[in-house]
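So the structure is just underneath, and the comments pick up after that.
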Amino acid sequence: MKDIFVLRQRELPYRVIDGEPVQVSFSSEDVFAKIKEENIKFLDLQFTGLTGRFHHTTISTNMFTPKQMKDGLPKLDGSSILGFTSIDDSDLILKPDPSTFAVIPWYEENKTARLLCDVYWGAGRGRLSRDPRGIAQGAEEWVKTAGFDYSAWGPEVEFFVAPWSQEGTGYPMGLQEGYYPSTPSDTLTPFRNECVNVLSENFGILCDNHHHEVATAGQCEIDIKYDYLTNSADATQSYKFVIRNIAKRFGKIATMMPKPISMDSGSGMHTNVSLWKDDENVFFEEGQDGELSQVGRYFCGGILDHANALCAISNPTTNSYHRLVPGYEAPVYVAWSGSNRSAIVRIPRHFEGRDYAHLKRLEFRAPDPSANPYLVFSSVLAAGIDGVKKKTDPGDQVKEDIFKMTKEERRKHGIGVLPASLGEALLELESDRIFLKPIFKDEVIDKIIELERKDQRDIAVRPHPHEFYLYFDV
């Protein structure tokens with residue numbers, strides 16, 4: 001079945017022509033032609049820090065040259081970007097990727113476009129090892145050494161939109177009753193429509209579905225069509241950028257915080273993955289249980305085997321672990337299944353048969369949108385390929401609702417539990433990091449642990465407001 005991944009280009013933008021997604025390639029020459037043709041005044045040079053924050057600097061197009069496009073621009077102090085460099089060695093270069101050119105529609109007076117950038121050391125010292133986009137690009141090359149052509153990724157990014165009505169003019173919903181309500185209860189349909197239009201028409205990011213999510217207070221999801229690893233991470237970062245800016249234009253604020261509201265569902269970034277070779281999805285095998293191939297089972301085994309360590313990357317904030325609790329659809333238990341959403345890895349089974357082979361995938365349900373997508377996809381790939389190489393069997397799938405099992409029943413099924421805090425997750429990563437070595441340098445992992453440990457300690461030494469309710473009069 002012909003799909004976007006049989007194409008040889010790996011640039012970001014897409015256009016839909018006669019219902020089919022077609023990649024649009026921008027060369028350096030194309031970018032300069034578009035700047036002139038569309039009268040672009042400024043260029044936003046965007047890049048992602050180690051912790052997943054999106055950064056930018058803006059340059060005038062009348063000073064931008066083809067040589068700068070090729071060699072990069074000396075515009076970055078690495079010591080001012082959390083996790084990049086020390087102050088005594090901080091000269092970095094931003095190299096724009098012409099394939100990521102997009103016109104930013106909300107700058108109406110001074111027309112502005114953006115380019116995503118790769119980060120390099122100055123003085124010809126090569127790529128910065130802590131550049132998340134470079135890590136993802138390295139992962140794409142590494143997967144070929146494991147015998148596959150590429151991996152495909154489809155994140156499901158959830159988020160909240162505020163403020164909420166304080167005048168009684170809204171349509172209230174009960175806790176955890178926000179899934180797929182019709183209008184007028186779903187007041188955010190026009191907002192999401194605009195987000196999808198901008199993502200598709202301006203940024204070339206295809207979205208095939210959007211809806212209100214389970215949580216009550218403005219929780220949304222817009223689904224991005226699956227893509228190559230770096231493309232998908234680029235799209236996820238661009239998605240967050242667009243969502244936040246469109247929300248501002250609607251007089252609202254969007255947050256990717258995993259658990260902003262107590263006693264209601266948090267926001268996840270369920271991550272769908274498949275491996276491909278010779279234009280075939282190697283996770284699909286007709287006649288097998290769930291049509292999941294042995295390679296797919298081993299990949300699943302690798303994720304389960306390293307799930308606790310992965311949490312330090314896929315759930316990198318203290319707030320992440322307020323989401324990972326039983327009773328709110330978020331995964332807590334290390335198990336896999338088909339349609340069972342209480343397992344950490346799910347094998348979606350909406351359709352079966354060879355006509356739908358391209359949709360066979362694993363859904364890793366732990367990640368949340370506070371995570372850096374470049375690092376999440378790369379680390380999950382490392383864990384899965386480790387499972388393939390070691391032939392790690394995931395065991396039997398669990399078909400029962402794990403949330404309703406007793407501790408003894410979980411023990412009999414061999415079901416483990418995810419870390420209950422960021423501190424626990426960091427201990428797991430410190431003791432289980434060898435599987436990441438093919439993609440991540442040790443100093444990158446060390447820096448991730450250092451930065452997250454600081455966050456964990458900052459929270460640990462501060463009283464929580466709810467503690468005053470519990471203990472003020474002791």
Side-chain angles (χ1 to χ4, degrees), residues 4 7-18 20-48 54-77 91-120 122 124 127 131 133-134 137 194-207 224-225 227-228 230-246 248-249:
I4 60 173
L7 301 176
R8 296 295 176 250
Q9 297 170 330
R10 298 200 177 189
E11 284 78 18
L12 178 64
Y14 292 89
R15 293 288 181 268
V16 177
I17 301 174
D18 296 329
E20 292 292 326
V22 176
Q23 279 186 311
V24 180
S25 177
F26 290 135
S27 65
S28 176
E29 292 76 15
D30 293 331
V31 169
F32 283 98
K34 279 193 160 291
I35 287 172
K36 185 176 181 180
E37 176 185 315
E38 301 196 30
N39 195 28
I40 304 295
K41 298 294 186 183
F42 294 96
L43 274 178
D44 240 18
L45 305 181
Q46 301 176 340
F47 64 97
T48 298
F54 211 34
H55 301 275
H56 83 122
T57 186
T58 307
I59 62 173
S60 299
T61 55
N62 61 4
M63 299 292 289
F64 187 48
T65 67
K67 186 172 177 59
Q68 289 176 322
M69 179 75 88
K70 177 177 176 290
D71 296 339
L73 296 95
K75 297 293 184 183
L76 183 57
D77 166 15
D91 287 346
L92 299 179
I93 291 171
L94 295 175
K95 285 193 177 182
D97 181 346
S99 71
T100 63
F101 177 86
V103 177
I104 302 175
W106 50 83
Y107 293 125
E108 295 169 353
E109 289 186 14
N110 292 295
K111 203 167 184 183
T112 303
R114 78 86 188 263
L115 289 167
L116 296 182
C117 296
D118 297 327
V119 184
Y120 283 76
R127 193 67 173 268
D131 175 13
R133 196 167 191 256
Q137 291 163 343
E194 180 64 13
C195 291
V196 170
N197 283 340
V198 170
L199 285 166
S200 176
E201 294 174 13
N202 294 92
F203 288 80
I205 297 168
L206 302 185
C207 307
I224 304 170
K225 186 171 177 62
D227 205 337
Y228 301 110
T230 302
N231 273 11
S232 190
D234 286 347
T236 303
Q237 290 296 85
S238 300
Y239 170 106
K240 294 179 182 181
F241 173 67
V242 168
I243 296 301
R244 290 189 177 107
N245 278 280
I246 298 299
K248 184 175 183 295
R249 291 177 68 81

Nearest 0.5 Å please: distance from the OH atom of Tyr107 over to the CZ atom of Phe42. 11.0 Å

Expected output: side-chain Asp44 to main-chain Gln46 donor-acceptor under 3.5 Å: no

Checking side chain to side chain contact (heavy atoms under 4.5 Å, CB included) for the pair Arg127/Asp118: CA distance, chi angles, key distance, verdict? CA-CA 8 Å; Arg127 193 67 173 268; Asp118 297 327; 3.0 Å; yes

Under the side-chain contact (heavy atoms from CB on, under 4.5 Å) test, which residues partner Thr61, sequence neighbours left out? Ile35, Ile40, Leu43

Do any N or O atoms from the side chain of Thr112 and from the backbone of Asn110 form a donor-acceptor pair under 3.5 angstrom? yes

For Met63, is there any backbone N or O sitting under 3.5 Å from a side-chain donor or acceptor partner on Ser60? no

Are any of the side-chain heavy atoms of Asn245 and Arg249 separated by less than 4.5 Å? no

From Leu115 CG over to Thr100 OG1, what is the distance, rounded to the nearest 0.5 angstrom? 5.0 Å

Taking all non-hydrogen atoms of both residues, which atom of Ile93 and which atom of Pro74 are closest, and how far apart? CG1-CA, 4.4 Å

CG of Asn62 to OG1 of Thr65: how many Å apart, nearest 0.5 Å? 11.5 Å

Side chain to side chain contact (heavy atoms under 4.5 Å, CB included) between Asp131 and Tyr120: does it pass, once the steps are laid out? CA-CA 8 Å; Asp131 175 13; Tyr120 283 76; over 6 Å; no

Partner set under side-chain contact (heavy atoms from CB on, under 4.5 Å) for Asp91, not counting sequence neighbours: none

Distance (rounded to the nearest 0.5 Å) between Ser238 OG and Ile243 CD1: 11.0 Å

Side chain to side chain contact (heavy atoms under 4.5 Å, CB included) with Val103: which of Lys111, Glu201, Lys34, Arg114? Lys111

Examine distances only and state if a side-chain atom of Ser200 and a backbone atom of Val196 form a donor-acceptor pair shorter than 3.5 Å. no

Shortest non-hydrogen contact between Leu45 and Pro96, atoms and distance: CD2-CG, 4.3 Å

State yes or no: are the ring centers of Phe32 and Phe64 separated by less than 6.0 Å? yes

Mind telling me whether Phe47 and His55 have parallel, tilted or perpendicular rings, with 30° and 60° as the class edges? parallel

Would you check, one step at a time, whether the test side chain to side chain contact (heavy atoms under 4.5 Å, CB included) holds for Phe54 with Leu116? CA-CA 10 Å; Phe54 211 34; Leu116 296 182; 3.7 Å; yes

Would you indicate whether Lys41, at its atom NZ, is surrounded by more than 12 heavy atoms from other residues, nucleotides or ligands within a distance under 6.0 Å? no

Donor-acceptor pair, Asp30 side chain versus Ser27 backbone, under 3.5 Å? yes

Sub-4.5 Å side-chain heavy-atom contact between Phe203 and Val242: yes

Between Pro98 and Ser28, what is the shortest heavy-atom contact and its length? CB-N, 3.8 Å

Nearest 0.5 Å, please: how far is NZ in Lys95 from NZ in Lys70? 7.5 Å

What is the distance from atom OG1 of Thr57 to atom NZ of Lys75, rounded to the nearest 0.5 Å? 7.0 Å

What's the verdict on side chain to side chain contact (heavy atoms under 4.5 Å, CB included) for Arg133 and Thr230, showing C-alpha distance, side-chain angles and the deciding distance? CA-CA 7 Å; Arg133 196 167 191 256; Thr230 302; 4.1 Å; yes

